[in-house]
Amino acid sequence: MADFYPYKETEEKWHKVWETDHTFKFKNDGRPKYYVLEMFPYPSGYLHMGHVRVYCIGDVLAHYRRMQGFDVLHPMGYDAFGLPAENAAIKNKVHPADWTYKNVNHARGQFKKMGISYDWDRELATCDKEYYKWNQWLFIKMFEKGLAYRKKMPVNWCPSCETVLANEQVQDGKCWRCESKVAQKDLTQWFFKITDYTQELLDGHKLIEKGWPEKVIAMQQNWIGKSTGVEIFFKEADTQAPINVFTTRPDTIFGATYIVLAPTHPQVEEIKKRVEAAKVKEIEEFQAKVKKMDITVLTMVSMEKEGVFTGAYAINPVNGNKIPVWIGNYVLMDYGTGAIMAVPTHDSRDFVFSKKYKLPMILVIQPEGKEIKVEEMETAYEGGGKLVNSGQFNGEENIAAKEKIADWMETSKIGKKKINYRLKDWLLSRQRYWGTPIPMIYCEKCGVIPEAEKNLPVELPRDIEFTGKGNPLETSKSFVNCKCPKCGGAAKRETDTMDTFVDSSWYFMRYCDNKNNNEIVNKTIAENLLPVDQYVGGAEHSCMHLIYARFFTKVMRDMGLIKIDEPFIKLLTQGMVHKDGNKMSKSKGNTVSPDDMIEKYGADIARLFMLFAAPPMFDLEWSDEGVEGASRFVNRLWRKMIENMENIKKINGDYEYATLTDSQKKLARKVHQTIKKVTKDIEVEQQFNTAIAGMMELYNVFSATELEVNKPNEAKLLKFVTSNFTLLLAPFVPHFAEELWERQGGTGSVFFQKWPIADEKLTVEDSIELVVQVNGKIREKIQVAMNTSQLETEKIVFASERLKEWLVGKEIVKKIYVPNKLYNIVIK
RNA sequence: GCCGGGGUGGCGAAAUGGCAGACGCAGCGGACUUAAAAUCCGCAGGGCCUUACCCGCCCAUGUCGGUUCGAGUCCGACCCUCGGCACCA
């Protein structure tokens, strides 16, 4: 009967020790710090495998740095505000707070069972009033600096839930909760002025590009959407009223044959006052039609371009041409100026539109080689060429002319160079209960003013009945009615709460000083602990959370609270966990419960499988057989490691390499090679699967090597192998390694041992198999000593009988020698 | 349409321009066992040659071309797939 690794007792034992010893506490003892952070979870019931995966990845990195002598800060908390808690309240009549804290407790239990090396003294939940107080404090500071403001805007509105929805909560034009059709509604909402930082958010990428996946930076750039162009000042022909358009193609200005306004453009209302009744009716019918349609974003692309002529004309400022002003469904009010100049010859959208409504076209770019005739065009020509019909710019290369025309427009005051961004200000108010109350007060006398700092936090009231109708906070009289902090008169509170992305935009700073009741974070402490050296999380947060957190960092820096420019030096984005080819999810019914896994195999085996099955950034395909495999490896290793444990406990001193047998030498070298490989795989490649594969190879060599423990030198070698192997295993299978470390007589926790360093000399083999090729094809393999000279190698190569067959009667053209690798003979 | 990944055995995956498939899973054969499980040992990309074996050869990293003594890796075109953005002017 084979021995099995007693995972249950071992894991329980070490959990207790780690807890009582505060093994993973940030010591603050002056060693260099290393801050490892994984994105904290939303505590919706149970942690799933996707969570477990991120935390295991982060834990490997935390343990590794710890063993390298860093004082590691590795905290965990809960992103605890959000809609699911409120939905549970509506459905099951539990208070969101009770529901949430129950889940938090369960999640904490799961973390502890996984044995992740957190500093539990730093735990926080964003729904704690000690936490959200600082959300409110920050909000007020931002309000004072003009970075938080109120504006009326069309927003997504669910008529059934009676609440505003975030863009990401609108799916196919329907509410994610009740599936009713989402409408647009003009509402006054709170915004953060993230657009003040747009260019810095782009520039900041330079500071982090070495540590972040290229993909995430590209996604952020895409999201921010910088485009450089010119705003051109058109004027209405009759009234001289300005109509500004934004274009990235000033080189095509002479080809503009009409203007298209967004249906909601303010100038449309002005035009309506002047045109005849039939026209007004036509315009209004079109406006109504577009308003009804514009919500289902997905259909936008395929939607047919439509428009109506407004009856008004504009003057093209470059040539005085009188061109019609249209409104169209393909022009968006919230990008650029909400108006475009249409150049049908060189823009595919304008081309389609003008064909449909038989609008005129002027060609202004003629490509090299083939002459284009307007009458024969079937699509817009969007390539380059020489300008024609373009006044003084005729004959210029269009690309070069862009800048020239822009300059000319600026000097002749008919346009202005402009940079446009896709990024909008951040709408942060929500008409929901389970979030941070926005700490603003409406006083009839004093206006909109912030709550006094000494009165923070503005606490969420308990006296709420959750019906799913309306804004819950509005129903609490004790909450709404308050005193004006300025004049002391009766006033009303803001009843909207903050988007939960606010909570997660600075939580990593609060971990540094989570118990501070006087400051959001102490300046000196923040200076010592920030930034986060290694962040781990899902790529799905590339554009929301990771941009918001960068924004907050810059805002807080400008407030003098912290000194860093970027919050996360290195970012690792891990792939999703799949099963049977699908994303693991409750709705697909293909979930695997972490609790069950831990029960059946223990935490270490579950970890080992997940780290081995795929590199962190790949999606991971779950495999029950794979877990079995990991389990077999751990048990095999266990047997091998404890086999002679008692005998080596008392052994001290280094083994002597020279007197070992060949296979023992091979084992010694393998240890050094594995140290080198595992170190590189963790630190450079962040590829844990190959690190584990390397350790499996080490096991294979280890188990194939005969060692006699009663021979002192061999016992010393065994001790060397065992201890180094244990150290390498520690970040991956922490309980297992801690137990082995204790059993071999190690002192202290394995996590405070020095990470081993490979002896370079011993990482190389003493002889290698040299590949001999003829014309690039392998024809022979020869065993030669390491670093055999080219001359010596040649002698051996040409002595080969087998090779002679290939060379007979041929002329040798060239010989290529790659030391310790290959010898290639090129023949004719 | 634009941007960014990715396409390698039955499967998850490895490979500073230098032996493709490390490591593992599943599979097959054997040992142990009354038997099975567990464990241990061994085989293992496809094809051809061969009675069979060894040996040997040929073909193989999405497709087609190129650079190179040599390409999974570099270059060009294309196909498929995943993710993001998308009437953004």
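Only this structure's heavy atoms are used, side chains among them; waters, hydrogens and symmetry mates stay out. Just so we're on the same page: letters track the sequence lines, and every chain starts at 1.
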Visitor: May I ask you to evaluate whether A/Ser623 reaches the phosphate of B/rA26, defined as a side-chain N or O under 4.0 Å from OP1 or OP2?
Guide: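 Checking A/Ser623 against B/rA26: no side-chain N or O falls below 4.0 Å of OP1 or OP2.
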
Visitor: Base, sugar-phosphate alone, or nothing: which one does A/Lys777 contact when heavy atoms must sit under 4.0 Å apart?
Guide: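 Sugar-phosphate contact only - A/Lys777 comes under 4.0 Å of backbone atoms but never of a base.
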
Visitor: Does A/Arg779 make a side-chain N or O approach to OP1 or OP2 of B/rC57 shorter than 4.0 Å?
Guide: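 Yes, because at least one side-chain N or O of A/Arg779 sits under 4.0 Å from OP1 or OP2 of B/rC57.
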
Visitor: For B/rC25, what is the paired nucleotide under Watson-Crick or G-U wobble rules, both distances under 3.5 Å?
Guide: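 Checking every strand shown, B/rC25 finds its partner in B/rG10, with both distances under 3.5 Å.
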
Visitor: Out of A/His578, A/Arg53, A/Met610, which one pairs with A/Trp622 under the side chain to side chain contact (heavy atoms under 4.5 Å, CB included) rule?
Guide: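 Checked A/His578, A/Arg53, A/Met610 against A/Trp622; only one passes side chain to side chain contact (heavy atoms under 4.5 Å, CB included): A/Met610.
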
Visitor: Does B/rG4 pair with anything, Watson-Crick or G-U wobble, both distances under 3.5 Å, and if so, with which nucleotide?
Guide: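 Partner of B/rG4: B/rC82.
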
Visitor: Between B/rG4 and B/rC57, how far apart are the C1' atoms? Round to whole Å, please.
Guide: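 It works out to 43 Å between them.
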
Visitor: Rounded to whole angstroms, how far apart are NZ on A/Lys680 and C1' on B/rA22?
Guide: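 In whole Å, B/rA22 C1' lies 14 Å from A/Lys680 NZ.
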
Visitor: Would you please say whether a donor-acceptor pair under 3.5 Å links the side chains of A/Thr195 and A/Asp425?
Guide: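 Side-chain D/A pair, A/Thr195 to A/Asp425: present.
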
Visitor: For A/Arg422 and B/rC3, give me the distance from atom CZ to atom P, rounded to whole Å.
Guide: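 Nearest whole value for this atom pair: 16 Å.
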
Visitor: Counting the atoms with a prime plus P, OP1 and OP2 as sugar-phosphate, which does A/Glu769 contact under 4.0 Å by heavy atoms, base, sugar-phosphate, or nothing?
Guide: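 Touches a base.
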
Visitor: Could you please name the partner base of B/rU50, counting Watson-Crick and G-U wobble pairs only when both distances are under 3.5 Å?
Guide: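 Check on B/rU50: unpaired, no WC or wobble geometry under 3.5 Å.
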
Visitor: Going by heavy atoms in the side chains, are A/Lys815 and A/Tyr823 under 4.5 Å from each other?
Guide: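 Yes. Closest side-chain heavy atoms under 4.5 Å.
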
Visitor: If you measure from the Lys or Arg side-chain nitrogens to the Asp or Glu carboxylate oxygens, is any gap between A/Glu697 and A/Lys677 under 4.0 Å?
Guide: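 Judged by the 4.0 Å cut-off on N to carboxylate O distance, A/Glu697 and A/Lys677 do not form a salt bridge.
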
Visitor: What class does the angle between the rings of A/Phe725 and A/Phe702 fall in, given that below 30° is parallel, 30 to 60° is tilted and above 60° is perpendicular?
Guide: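 It falls in the tilted class, 30° to 60°.
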
Visitor: Over how many whole Å does the gap from A/Tyr817 atom OH to B/rG18 atom P extend?
Guide: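 It is 16 Å, rounded to the nearest whole Å.
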
Visitor: May I ask you to say what A/Trp806 touches in the nucleic acid, namely base, sugar-phosphate or nothing, with a heavy-atom cut-off under 4.0 Å?
Guide: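 Touches sugar-phosphate only.
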
Visitor: So what's B/rA77 paired with, Watson-Crick or G-U wobble, going by both distances under 3.5 Å?
Guide: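 WC or wobble partner is B/rU63.
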
Visitor: If you only use heavy atoms from C-beta on, which nucleotide in B/rG24, B/rA89, B/rC3 is closest to the side chain of A/Ala218?
Guide: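 Closest of the options to the side chain of A/Ala218: B/rC3.
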
Visitor: Taking the inter-plane angle between the rings of A/His545 and A/His541 on a 0 to 90° scale, is it parallel (under 30°), tilted (30 to 60°) or perpendicular (over 60°)?
Guide: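 Plane angle over 60°, so perpendicular.
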
Visitor: By the 4.0 Å heavy-atom rule, please label A/Lys821 as base, sugar-phosphate, or nothing.
Guide: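 A/Lys821: base contact, heavy atoms under 4.0 Å.
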
Visitor: If we call it a pair only when both distances are under 3.5 Å in a Watson-Crick or G-U wobble match, what pairs with B/rG70?
Guide: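 The answer is none; no pair meets the criterion.
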
Visitor: Of the nucleotides B/rG4, B/rA20, B/rG18, which has the atom closest to the A/Asn824 side chain?
Guide: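 Looking only at heavy atoms from C-beta outward on A/Asn824, the closest nucleotide is B/rG18.
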
Visitor: If you find the nucleotide of RNA chain B closest to A/Ala614 and the one closest to A/Met219, which residue's nucleotide is nearer the 5' end?
Guide: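 The answer here is A/Ala614.
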
Visitor: Counting side-chain heavy atoms from CB outward, which of B/rC40, B/rC69, B/rA14 is closest to A/Arg636?
Guide: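 Closest of the options to the side chain of A/Arg636: B/rC40.
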
Visitor: If you look at every strand shown and take non-hydrogen atoms under 4.0 Å, does A/Asn420 touch a base, only sugar-phosphate, or nothing?
Guide: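 Nothing: the residue A/Asn420, judged by heavy atoms under 4.0 Å, touches no strand.
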
Visitor: Between B/rG83 and B/rC28, how far apart are the two P atoms, rounded to whole Å?
Guide: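 Per the computed distance, 36 Å lies between those P atoms.
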
Visitor: Could you work out the separation of B/rC3 and B/rA77 based on their P atoms and round it to a whole Å?
Guide: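 Going atom to atom, P in each nucleotide, I get 12 Å.
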
Visitor: How would you label the contact of A/Asn222 with the nucleic acid (heavy atoms, under 4.0 Å): base, sugar-phosphate, or nothing?
Guide: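 Base, at least one base atom sits under 4.0 Å.
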
Visitor: Rounding to an integer number of angstrom, what distance separates B/rA60 and B/rG9 when you compare their C1' atoms?
Guide: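 One C1' to the other, the span is 10 Å.
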
Visitor: Does a side-chain N or O of A/Asn635 approach OP1 or OP2 of B/rA38 to a distance below 4.0 Å, or not?
Guide: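 No.
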
Visitor: B/rA13 C1' sits how many Å from A/Phe618 CZ, rounded?
Guide: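 Checked: the CZ to C1' distance equals 8 Å.
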
Visitor: With sugar-phosphate meaning primed atoms plus P, OP1 and OP2, does A/Pro615 contact a base, only sugar-phosphate, or nothing at under 4.0 Å between heavy atoms?
Guide: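 Counting heavy atoms under 4.0 Å across all strands, the contact made by A/Pro615 is with sugar-phosphate only.
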
Visitor: If you look at every strand shown and take non-hydrogen atoms under 4.0 Å, does A/Gln687 touch a base, only sugar-phosphate, or nothing?
Guide: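 Contact class for A/Gln687: sugar-phosphate only.
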
Visitor: Looking only at side-chain N and O atoms, does A/Asn398 offer a donor or acceptor that is under 3.5 Å from a partner on A/Asp251?
Guide: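 Yes, A/Asn398 and A/Asp251 have a side-chain donor paired with an acceptor closer than 3.5 Å.
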
Visitor: Looking only at atom P, what distance separates B/rC59 and B/rG65, rounded to whole Å?
Guide: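 So the two P atoms sit 15 Å from each other.
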
Visitor: Looking at B/rC40, B/rA22, B/rC19, which one has an atom nearest to any side-chain atom of A/Arg639?
Guide: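 Closest nucleotide among those given: B/rC40.
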
Visitor: Could you tell me if A/Tyr330 and A/Asp350 have a donor-acceptor pair between their side chains, going purely by distance under 3.5 Å?
Guide: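 Note: A/Asp350 and A/Tyr330 side chains meet the donor-acceptor criterion.
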
Visitor: With the side chain of A/Glu697 defined as its heavy atoms from C-beta on, choose the nearest nucleotide among B/rA14, B/rA20, B/rC23.
Guide: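 Of all the options, the side chain of A/Glu697 is nearest to B/rC23.
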
Visitor: With P as the reference atom in both, quote the distance from B/rG29 to B/rA44 in angstrom, rounded to an integer.
Guide: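 Those two atoms are separated by 15 Å.
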
Visitor: Taking N and O atoms by type only, does the side chain of A/Lys781 place a donor or acceptor under 3.5 Å from a partner on the base of B/rC19?
Guide: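 Answer yes: a donor N or O sits under 3.5 Å from an acceptor.
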
Visitor: Whole-Å distance between B/rG7 P and A/Glu621 CD?
Guide: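 Between P of B/rG7 and CD of A/Glu621: 16 Å.
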
Visitor: So if I take every side-chain heavy atom of A/Asn329 and compare against B/rG18, B/rA89, B/rC87, which nucleotide ends up nearest?
Guide: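 Closest of the options to the side chain of A/Asn329: B/rC87.
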
Visitor: For a quick check of understanding: with a heavy-atom distance under 4.0 Å over all strands, which category does A/Ile816 fall into, base, sugar-phosphate or nothing?
Guide: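 Result for A/Ile816 = base.
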
Visitor: For B/rC87, give the paired nucleotide (Watson-Crick: N1-N3 plus N6-O4 or O6-N4; G-U: N1-O2 and O6-N3; both under 3.5 Å), or none.
Guide: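 Pair assignment: B/rC87 / none.
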
Visitor: On RNA chain B, does the nearest nucleotide to A/Ile825 precede the nearest nucleotide to A/Ala339 from the 5' side, or the other way round? Give the residue.
Guide: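 The answer here is A/Ile825.
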
Visitor: For A/Met333 and B/rA89, what is the distance between atoms CE and C1' respectively, to the nearest whole Å?
Guide: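 Taking CE of A/Met333 and C1' of B/rA89, I get 13 Å after rounding.
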
Visitor: Round to the nearest Å and state the distance from A/Lys215 atom NZ to B/rC85 atom P.
Guide: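 Result: 12 Å.
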
Visitor: Select base, sugar-phosphate, or nothing to describe what A/Gly225 touches, counting heavy atoms under 4.0 Å on all strands.
Guide: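 Since no nucleic acid heavy atom lies under 4.0 Å of A/Gly225, the category is nothing.
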
Visitor: Using a cut-off of 4.0 Å on non-hydrogen atoms, how would the nucleic acid contact of A/Val331 be classed: base, sugar-phosphate, or nothing?
Guide: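 Answer is base: heavy atoms of A/Val331 come under 4.0 Å of a base.
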
Visitor: Sticking with atom P, work out how far B/rA71 lies from B/rC79, rounded to a whole angstrom.
Guide: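 Pairwise P distance, B/rA71 against B/rC79, rounds to 26 Å.
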
Visitor: In whole angstrom, what separates A/Glu382's CD from B/rC87's C1'?
Guide: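 Spelled out: CD on A/Glu382 to C1' on B/rC87 is 12 Å.
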
Visitor: Parallel, tilted or perpendicular: which one describes the rings of A/Trp326 and A/Phe353, with boundaries at 30° and 60°?
Guide: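 The rings of A/Trp326 and A/Phe353 stand perpendicular, inter-plane angle above 60°.
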
Visitor: Where does B/rG9 fall, syn or anti, if syn means a chi angle no more than 90° from 0?
Guide: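 This nucleotide is in syn.
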
Visitor: Taking the six-membered ring of A/Phe4 (Phe, Tyr or Trp), confirm whether the NZ or CZ of A/Arg639 is under 6.0 Å from its centre and within 45° of its axis.
Guide: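 Here A/Arg639 passes the 6.0 Å and 45° test against A/Phe4.
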
Visitor: Less than 4.0 angstrom between a side-chain N/O of A/Arg632 and OP1 or OP2 of B/rG24, yes or no?
Guide: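 No, no such contact exists.
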
Visitor: Is A/Gln773 near enough to B/rG17 that one of its side-chain N or O atoms lies under 4.0 angstrom from OP1 or OP2?
Guide: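 For B/rG17, neither OP1 nor OP2 has a side-chain N or O of A/Gln773 closer than 4.0 Å.
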
Visitor: Contact class for A/Asp334 (heavy atom, under 4.0 Å): base, sugar-phosphate, or nothing?
Guide: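 Counting heavy atoms under 4.0 Å across all strands, no contact is made by A/Asp334.
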
Visitor: If the C1' atom of B/rG27 is compared with that of B/rG10, how far apart are they to the nearest Å?
Guide: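 Each nucleotide's C1' atom is 9 Å from the other's.
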
